[in-house]
Number of protein chains: 2
Amino acid sequence: MPTVRRVKATSVAAITINDVADRAGVSIKTVSRVLNNEANVRPETRERVQEAVTALGYRPNLSARSLAGSRSFLIGLCFDNPNPAYVSEAQIGAITRCRVSGYHLVVEPVDNRSETADSQLEAMVFNVRVDGVIITPPVSDHPAILAMLEASRTPYVRISPERDRDRGPSVYMDDYKAAYDMTNYLLGLGHRRIGFVRGHPDHGSSYRRFDGFHAAMADHGLPLQPDLLAQGYFTFQSGVQAGEQLLRHPERPTAIFAASDGMALGVMSTAARMGLSIPTDLSVAGFDDTPTARVVWPPLTTVRQPINEMAAAAADILISGEARRAMDDKLPIKRMLDFELIVRQSCAPPKA
Amino acid sequence: MPTVRRVKATSVAAITINDVADRAGVSIKTVSRVLNNEANVRPETRERVQEAVTALGYRPNLSARSLAGSRSFLIGLCFDNPNPAYVSEAQIGAITRCRVSGYHLVVEPVDNRSETADSQLEAMVFNVRVDGVIITPPVSDHPAILAMLEASRTPYVRISPERDRDRGPSVYMDDYKAAYDMTNYLLGLGHRRIGFVRGHPDHGSSYRRFDGFHAAMADHGLPLQPDLLAQGYFTFQSGVQAGEQLLRHPERPTAIFAASDGMALGVMSTAARMGLSIPTDLSVAGFDDTPTARVVWPPLTTVRQPINEMAAAAADILISGEARRAMDDKLPIKRMLDFELIVRQSCAPPKA
DNA sequence: TTGTAAGCGTTATCAA
DNA sequence: TTGATAACGCTTACAA
């Protein structure tokens with residue numbers, strides 16, 4: 001009876017650090033040094049090792065590195081899923097930064113409303129042992145998740161946190177300045193009676209956006225007019241109602257700036273129902289650049305969040321080790337990124 | 001000078017299999033047996049071990065398992081990004097199945113048009129050593145990627161492949177039956193003159209959808225009328241043109257079934273321009289259930305692909321080991337999943 | 001049914 | 001500047 005040879009799954013025995021060391025005529029420790037860009041390796045030795053690496057097509061085994069060392073080369077991305085476009089962009093941004101340093105991204109969708117959402121993340125922290133976790137909103141405010149991460153001393157970066165903004169490293173955009181700039185844009189078109197639809201009172205960004213609007217108006221010598229202010233809740237429906245309130249005003253605004261695209265769309269629909277044409281009779285601006293914003297007619301002028309860039313920055317903070325150092329030193333890390341004003345066709349100078 | 005004690009990143013020394021073995025009064029091998037659900041462990045021993053595991057909150061180190069064994073407990077998900085909603089649903093589906101078996105998902109966006117897209121995946125295969133890769137369309141047809149995966153003997157599952165449908169395991173939906181059922185639905189509403197907008201001739205699904213339409217009509221004794229057929233290319237614009245062609249017909253159809261939502265939307269816009277109201281004057285049905293489908297007015301009746309379920313099935317084929325066995329045995333694996341008919345308000349019985 | 005011992009492929013220690 | 005050698009925490013022979 002012939003002997004049955006069991007072969008490993010990957011039929012060709014993978015090339016290891018030993019093969020490289022043999023070929024380069026050095027010890028594995030030296031190969032390791034070159035791989036990790038450590039100092040104290042003679043240039044010619046380094047070169048010889050590098051030659052062997054490429055010649056052999058050597059790929060360090062991540063599991064072995066992780067087991068022996070202190071890094072797993074894995075970053076976790078934790079998100080809830082209300083907005084696929086947001087999550088998708090965040091993933092691209094994070095991956096882009098990860099690739100540069102040979103890191104990989106492990107995704108972990110969680111249910112943000114669940115009290116036990118942290119247990120879904122635990123496997124990533126304790127079994128996979130990711131080197132850090134990026135958390136997108138609204139999960140970036142989940143108390144149990146933050147607590148679990150801190151207890152396990154896992155570095156994390158929050159994207160656009162709302163509450164406890166000084167807790168742990170975070171990356172966000174300048175809502176205030178974005179609203180300021182958008183308001184300035186409308187003022188530049190010649191508008192003076194500008195209505196504003198506020199965001200949900202539970203969200204910090206609502207206040208920052210309102211303050212930006214307020215400041216721009218004030219800088220143009222235009223005091224706040226309460227009858228040009230409406231309260232919204234980030235929803236389409238609340239935008240419809242805010243639109244009704246603002247547009248049935250005897251001296252109705254020539255422009256309305258809503259603190260979210262959803263509400264801006266609601267305003268547009270109200271305007272349409274009232275026979276007002278956009279942007280001729282009314283200019284409308286939104287905030288967020290949702291996919292629908294570019295599909296409606298006329299396409300909505302709005303603010304794009306730098307989602308991609310924020311996620312990349314978050315990955316960078318993790319990979320560079322800043323997050324861990326900040327954790328040890330109790331230093332806060334904050335990176336504020338630039339938004340983008342997306343000018344489409346929903347705004348025009350006021351009539352006559 | 002006091003001694004500086006360097007402590008590992010995770011301040012609390014992690015609990016290992018040794019701790020569990022000690023507490024349970026067995027050898028680590030027995031703990032390993034229990035962990036991996038191996039046979040030949042006395043029930044009471046098994047219980048004792050399990051007690052120790054929960055009492056200690058033991059979490060096996062994935063890197064160690066991966067290094068020693070043949071599994072990494074990591075599945076890769078490879079996708080291009082034309083459609084965030086699709087990718088997002090696929091991720092949820094894959095993760096759901098992964099969680100059941102303690103697997104995690106590593107994401108890898110690639111540029112499908114790039115000839116060297118496979119090199120982006122190589123790190124996942126050779127460094128991370130994922131246990132398998134799920135590939136979503138259109139990457140599921142990328143020749144270099146499939147070749148690389150096969151050469152490295154990495155199990156993979158293709159979702160909705162178009163070309164070489166017998167190459168490797170795949171999961172897809174029944175385009176034929178979906179088109180058949182949708183046509184039947186229109187026939188059930190009383191339509192007899194039904195126009196059809198064909199999909200892009202380069203896509204296999206176009207033919208399967210057309211065949212389903214054709215068969216349903218034939219089963220109702222309605223022969224194919226060439227003047228009720230229009231060629232489209234999955235785009236909005238091609239839908240506009242197809243709509244013009246079909247609707248300027250002297251005896252115009254009472255319903256139009258387009259092989260994609262994009263084209264259906266184009267048909268709707270043409271109808272609106274011609275003063276036809278939907279669904280009173282014309283019923284329109286689409287295919288794909290894109291996000292826009294539910295936003296337009298009237299909301300579009302369409303077919304939902306079981307993206308979530310397909311990804312879950314793909315993960316299952318990988319995790320269960322079917323994919324690897326199929327690779328060894330050269331057996332094809334195919335799983336066809338059920339679609340869903342999404343009835344919204346764009347279809348109604350024909351007038352009089 | 002259980003245990004001993006030898007890896008798995010790296011990084012870390014410490015001596016040369 | 002280098003290199004033996006010992007971890008790292010598990011699985012897998014193989015033995016008992």
Side-chain angles (χ1 to χ4, degrees), chain A residues 3-10 12-22 24-49 53 56 58-74 102 126-129 131, chain B residues 3-10 12-22 24-49 53 56 58-74 102 126-129 131:
Chain A
T3 321
V4 178
R5 258 278 290 290
R6 280 262 160 234
V7 189
K8 272 198 63 178
T10 31
V12 186
I15 288 142
T16 76
I17 198 172
N18 291 296
D19 303 321
V20 177
D22 285 353
V26 297
S27 76
I28 60 168
K29 177 65 222 188
T30 300
V31 177
S32 175
R33 284 196 181 94
V34 173
L35 256 38
N36 295 292
N37 269 315
E38 285 174 31
N40 296 333
V41 178
R42 203 184 306 156
E44 61 189 64
T45 311
R46 189 180 293 275
E47 208 161 302
R48 211 142 31 90
V49 171
V53 166
L56 263 29
Y58 167 67
R59 302 273 194 161
N61 181 322
L62 234 55
S63 298
R65 297 186 88 170
S66 168
L67 183 58
S70 52
R71 296 177 297 177
S72 68
F73 294 91
L74 259 21
F126 295 107
N127 299 60
V128 181
R129 294 171 203 206
D131 288 338
Chain B
T3 322
V4 177
R5 257 277 292 291
R6 280 264 160 232
V7 190
K8 274 197 60 177
T10 32
V12 186
I15 288 141
T16 75
I17 198 171
N18 291 297
D19 303 321
V20 178
D22 285 352
V26 297
S27 76
I28 61 168
K29 174 64 224 192
T30 299
V31 177
S32 174
R33 283 197 181 93
V34 174
L35 256 39
N36 294 292
N37 269 314
E38 284 174 32
N40 295 334
V41 179
R42 204 185 305 157
E44 60 188 67
T45 312
R46 187 180 296 275
E47 210 159 302
R48 208 140 36 88
V49 171
V53 166
L56 263 29
Y58 167 65
R59 301 273 194 164
N61 182 322
L62 231 56
S63 298
R65 296 186 88 170
S66 167
L67 185 56
S70 52
R71 296 177 297 177
S72 68
F73 294 92
L74 258 21
F126 295 107
N127 299 60
V128 182
R129 292 172 206 204
D131 289 339

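By convention in this document, chain letters (A, B, ...) are assigned in the order of the sequence lines, proteins followed by strands, and residues within each chain are numbered from 1. Hydrogens, waters and symmetry mates play no part in the numbers below; they use all other heavy atoms, side chains included.
Distance check: F73(A) CZ to S63(A) OG gives 11.5 Å after rounding to the nearest 0.5 Å. The distance from the CD1 atom of I28(B) to the CG atom of N18(B) is 5.5 Å, given to the nearest 0.5 Å.
The nearest whole Å value for the distance from the CD atom in E44(A) to the C1' atom in dT2(D) is 13 Å. Whole-Å rounding puts the R71(A) CZ to dG9(C) P distance at 20 Å. Taking atom CD on E47(B) and atom C1' on dT1(C), their separation rounds to 17 Å, with Å as the unit. Counting to the nearest Å, the C1' atom of dT11(D) and the CG atom of L67(B) are 10 Å from each other. Atom CG in L62(A) sits about 11 Å away from atom C1' in dG9(C), given to the nearest Å. When the C1' atom of dC8(C) is taken as reference, atom CD1 of I15(A) falls 16 Å away, rounded to whole Å. Rounding to whole angstrom units, CG of residue N40(B) and P of dT1(C) are separated by 4 Å. Note: CG (N18(A)) to C1' (dG3(D)) measures 13 Å, nearest angstrom.
Shown here for L67(B) and L67(A), the closest heavy-atom pair between the two residues is CD2-CD2, 3.5 Å. Counting all heavy atoms, side chain and backbone alike, R46(A) lies closest to E38(A) at NH2-O, 2.7 Å.
With dG9(C), dT11(D), dT2(D) as the choices, the nucleotide that has an atom nearest any side-chain atom of I17(B) turns out to be dT11(D). The side chain of Y58(A) sits closest to dT10(C) out of dG9(D), dG3(D), dT10(C). Among dG3(C), dT2(D), dT11(D), the nucleotide with an atom closest to any side-chain atom of T30(A) is dT2(D).
Listed for the N36(A) side chain is no donor-acceptor partner under 3.5 Å among the backbone atoms of R33(A).
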>> One pair to check against side-chain contact (heavy atoms from CB on, under 4.5 Å): V128(A) and S72(A). What are the steps and the verdict?
In response: CA-CA 8 Å; V128(A) 181; S72(A) 68; 5.7 Å; no
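Side-chain contact between R48(B) and V26(B) is present, with at least one heavy-atom pair separated by less than 4.5 Å.
For the pair R65(B) and dT11(D), the criterion of a side-chain N or O lying under 4.0 Å from OP1 or OP2 is met. Contact annotation: T16(A) does not reach the phosphate of dG9(C) (side-chain N/O to OP1 or OP2, under 4.0 Å).
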Taking only nitrogen or oxygen atoms into account, show me every contact under 3.5 Å that the protein makes with nucleotides 12-16 of chain D, one pair per line with its distance.
none

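Residue T45(B) is in sugar-phosphate contact alone, with no base atom involved, counting any heavy-atom pair closer than 4.0 Å across all strands shown.
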